[in-house]
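The structure under discussion appears below in the form of structure tokens.
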Amino acid sequence: MGKLIAGGDSFTYGSELADGYTEYSKSSYAALLANHLGMSYHCAAQPGYSNNAIRRTVMTVCEQTKEEIGLVLVTWSFLSRYEFKFDETWEQISAWSIVDNVNDIKKEFAVDNPVVFDWHVSKLKEEKEKGIRQFAKVFYHYVGTFEYWELYNSLCEIIMLQQYLQLKNIPYLFTSVDHGLTNVDHFKNDNTLTTLLNQFDRERWLWFPTNLGFYEWAKEKGFPIGTTHPLEEAHIEAEKIIYEYLRNIVRLP
């Protein structure tokens, strides 16, 4: 059956699942799906990844994979995240990169988790030392919070990966953590965004019930949540939804 390559951020990685603190989880919906399909599993997701990083890493992994690729499953991230290369390293920035008080992040936690909080403290310290924080403040002040740019940036990444996978004849399915990509009605007369949206292969895009992303759907359904991540129960149910969708479009057994 080949290999399932999963791209995404912490939701795909399986952050805050019982086995997802030191390495990617074997209990995430993507890992469960690979097992259900009888495929080997490669997790190309990392916590904090932007859509720029997701596209880049998935394409790279596909190019480097020698065995048959049975499926690429990508869960696109929040539009307000970005990736830039500083010297020799790729770095991710988000709205949390510019907070002045790390306790403001803690206020967003559904439950207290010292391990997760300490990770954010360390991350902010590292970004400050590298000068990333200063750059992020300027970027978000002038560009990063502009909704049009958020949409345009992510749409370009999504279409690039879609076209690559189609060119290489690699089976794929896309979904998202939230429904930010659907907030385009007030830009419906914009030719640039409309052109990008017209390239979408909508059959290969899965929205969770009521047109939500994975994270929104899990919260709406009342599944247990860690600090900011759905826990095992949500991943089990999400895998069932994804499998059924795939079964209908590609005639899985």
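Values below: every heavy atom of this structure, side chains too, minus hydrogens, waters and symmetry copies.
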Inset, instruction - State which residues pass side chain to side chain donor-acceptor pair (under 3.5 Å) with Lys26; sequence neighbours excluded, sorted by chain then number. - result: Glu23

Legend entry - From Phe223, Tyr29, Trp217, residue fulfilling ring-ring contact (aromatic ring centres under 6.0 Å, His included) relative to His235: Tyr29

Legend entry - Sub-6.0 Å ring centroid separation between Trp96 and His120: yes

Inset, instruction - For the residue pair Asn189 and Phe187, establish whether any side-chain heavy-atom pair is separated by less than 4.5 Å. - result: no

Legend entry - Audit row: Ile69, Val72, side-chain contact (heavy atoms from CB on, under 4.5 Å) steps and yes/no: CA-CA 7 Å; Ile69 300 174; Val72 169; 3.9 Å; yes

Legend entry - Ser15 versus Pro47, closest heavy-atom pair with distance: OG-CG, 3.6 Å

Inset, instruction - Kindly compute the distance separating CG (Leu161) from CD1 (Ile158), expressed to the nearest 0.5 Å. - result: 9.0 Å

Inset, instruction - Say whether Tyr243 and Phe11 are linked into one hydrophobic cluster, either directly or through other cluster members, by side-chain heavy-atom distances under 4.5 angstrom. - result: yes

Legend entry - Distance-minimising heavy-atom pair for Leu17 and Ser25: CD1-OG, 3.4 Å

Legend entry - Salt-bridge present (Lys240, Glu237; N to O < 4.0 Å): yes

Inset, instruction - Sort and list the pairs that fulfil salt bridge (Lys or Arg N to Asp or Glu O under 4.0 Å) and have at least one residue in residues 8-22, not counting sequence neighbours. - result: Asp9-Arg81

Inset, instruction - Look at the side chain of Ser122 and the backbone N and O of Asp118, then say whether any donor-acceptor pair between them is shorter than 3.5 Å. - result: no

Inset, instruction - Quick one: which residue pairs count as a salt bridge (Lys or Arg N to Asp or Glu O under 4.0 Å) with a foot in residues 91-102, not counting sequence neighbours? - result: Glu91-Lys130, Asp100-Arg133, Asp100-Lys137

Legend entry - Partners passing side chain to side chain donor-acceptor pair (under 3.5 Å) against Ser50 (at least two apart in sequence or in another chain): Gln92

Inset, instruction - Give the minimum heavy-atom separation between Ala44 and Val61, together with the two atoms involved. - result: CB-CG2, 4.0 Å

Inset, instruction - Working to the nearest 0.5 Å, report the span between CD of Glu126 and NZ of Lys123. - result: 5.5 Å

Legend entry - Thr75 OG1 to Phe214 CZ distance, which is reported to the nearest 0.5 Å: 8.0 Å

Legend entry - Sequence neighbours excluded, every pair satisfying salt bridge (Lys or Arg N to Asp or Glu O under 4.0 Å) that has a member inside residues 58-75: Lys3-Glu67, Glu63-Lys168

Legend entry - Heavy-atom side-chain proximity of Asp178 to Ser176 below 4.5 angstrom: yes

Inset, instruction - Could you walk me through whether Gln162 and Asp201 pass the side-chain contact (heavy atoms from CB on, under 4.5 Å) test, one step at a time? - result: CA-CA 8 Å; Gln162 174 188 284; Asp201 183 352; 3.7 Å; yes

Legend entry - Minimum side-chain heavy-atom gap Tyr215-Pro230 below 4.5 Å: yes

Legend entry - Derivation of the side-chain contact (heavy atoms from CB on, under 4.5 Å) call for Ser28 and Thr12: CA-CA 6 Å; Ser28 69; Thr12 304; 5.6 Å; no

Inset, instruction - Check whether any side-chain heavy atom of Trp207 lies under 4.5 Å from a side-chain heavy atom of Leu212, and answer yes or no. - result: no

Legend entry - Residues that Tyr164 engages under ring-ring contact (aromatic ring centres under 6.0 Å, His included), provided they are two or more places apart: none

Inset, instruction - Can you sort out the partners of Ser97 under side chain to side chain donor-acceptor pair (under 3.5 Å), two or more places apart, ordered by chain and number? - result: Glu127

Inset, instruction - Any chance you could lay out the side-chain contact (heavy atoms from CB on, under 4.5 Å) test for Leu71 and Leu246, step after step, and finish with the verdict? - result: CA-CA 10 Å; Leu71 178 69; Leu246 281 170; 3.7 Å; yes

Legend entry - Nearest non-hydrogen partners of His229 and Ser10, listed with the distance: NE2-OG, 2.7 Å

Inset, instruction - Could you state whether Leu124 and Val121 fall into the same hydrophobic cluster, counting links through intermediate Ile, Leu, Val, Met, Phe, Trp or Tyr residues with side-chain heavy atoms under 4.5 angstrom apart? - result: yes

Legend entry - Close side-chain approach of Thr65 to Ile5, heavy-atom, < 4.5 Å: yes

Legend entry - Pairing residues for Asn35 by the side chain to side chain donor-acceptor pair (under 3.5 Å) criterion, not counting sequence neighbours: none

Inset, instruction - Quick one: pull up CD in Glu233 and NZ in Lys221 and give me the separation to the nearest 0.5 Å. - result: 10.0 Å

Legend entry - Option among Trp205, Trp76, Phe174 that satisfies the ring-ring contact (aromatic ring centres under 6.0 Å, His included) test with Phe200: Trp205

Inset, instruction - Kindly check if the number of other-residue, nucleotide or ligand heavy atoms within 6.0 Å of CG (Asn198) is above 12? - result: yes

Legend entry - Heavy-atom check, side chain of Ile98 versus side chain of Ile93, under 4.5 Å: no

Legend entry - More than 12 heavy atoms from other groups under 6.0 Å of NZ on Lys188: no

Side-chain donor-acceptor pairs under 3.5 Å in residues 144-155, sequence neighbours left out?
{"from": "Thr145", "atom 1": "OG1", "to": "Tyr140", "atom 2": "O", "distance (Å)": "3.2"}
{"from": "Glu147", "atom 1": "OE1", "to": "His186", "atom 2": "NE2", "distance (Å)": "3.1"}
{"from": "Glu147", "atom 1": "OE2", "to": "His186", "atom 2": "NE2", "distance (Å)": "3.3"}
{"from": "Tyr148", "atom 1": "OH", "to": "Asp190", "atom 2": "OD1", "distance (Å)": "3.2"}
{"from": "Tyr148", "atom 1": "OH", "to": "Asp190", "atom 2": "OD2", "distance (Å)": "2.8"}
{"from": "Asn153", "atom 1": "OD1", "to": "Asn52", "atom 2": "ND2", "distance (Å)": "3.0"}
{"from": "Ser154", "atom 1": "OG", "to": "Asn51", "atom 2": "ND2", "distance (Å)": "2.8"}

Inset, instruction - Indicate yes or no for a side-chain donor-acceptor contact from Thr57 to the backbone of Ile54 under 3.5 Å, with no hydrogens or angles considered. - result: yes

Legend entry - Near-ring test Trp90/Phe84, centroid separation under 6.0 angstrom: no

Legend entry - ILVMFWY network linking Leu167 to Val74, side-chain heavy atoms under 4.5 angstrom: no

Do any side-chain atoms of residues 103-112 form donor-acceptor pairs under 3.5 angstrom with protein atoms, and if so which ones, sequence neighbours left out?
{"from": "Asn103", "atom 1": "ND2", "to": "Asn101", "atom 2": "OD1", "distance (Å)": "3.3"}
{"from": "Asp104", "atom 1": "OD1", "to": "Lys107", "atom 2": "NZ", "distance (Å)": "3.4"}

Legend entry - Hydrophobic cluster identity match, Ile242 and Ile236, side-chain contacts under 4.5 Å: no

Legend entry - Pair Glu244 + Arg247, salt bridge at N-O below 4.0 Å: yes

Legend entry - Spacing of CD belonging to Gln199 relative to OG1 belonging to Thr194, to within rounding of 0.5 Å: 11.0 Å

Inset, instruction - Report the residues that fulfil ring-ring contact (aromatic ring centres under 6.0 Å, His included) with Tyr24, sequence neighbours left out, ordered by chain and then residue number. - result: Tyr41

Inset, instruction - Taking the side chain as every heavy atom from C-beta outward, state whether Leu4 and Leu73 have any atom pair closer than 4.5 Å. - result: yes

Inset, instruction - Please answer: with hydrophobic residues joined when any side-chain heavy atoms are less than 4.5 Å apart, are Val116 and Tyr49 in the same cluster? - result: no

Inset, instruction - Check whether any side-chain heavy atom of Ile249 sits under 4.5 Å from a side-chain heavy atom of Arg204, and report yes or no. - result: yes

Inset, instruction - Quick one: which residue pairs count as a salt bridge (Lys or Arg N to Asp or Glu O under 4.0 Å) with a foot in residues 38-62, not counting sequence neighbours? - result: Arg55-Glu157, Arg56-Glu83

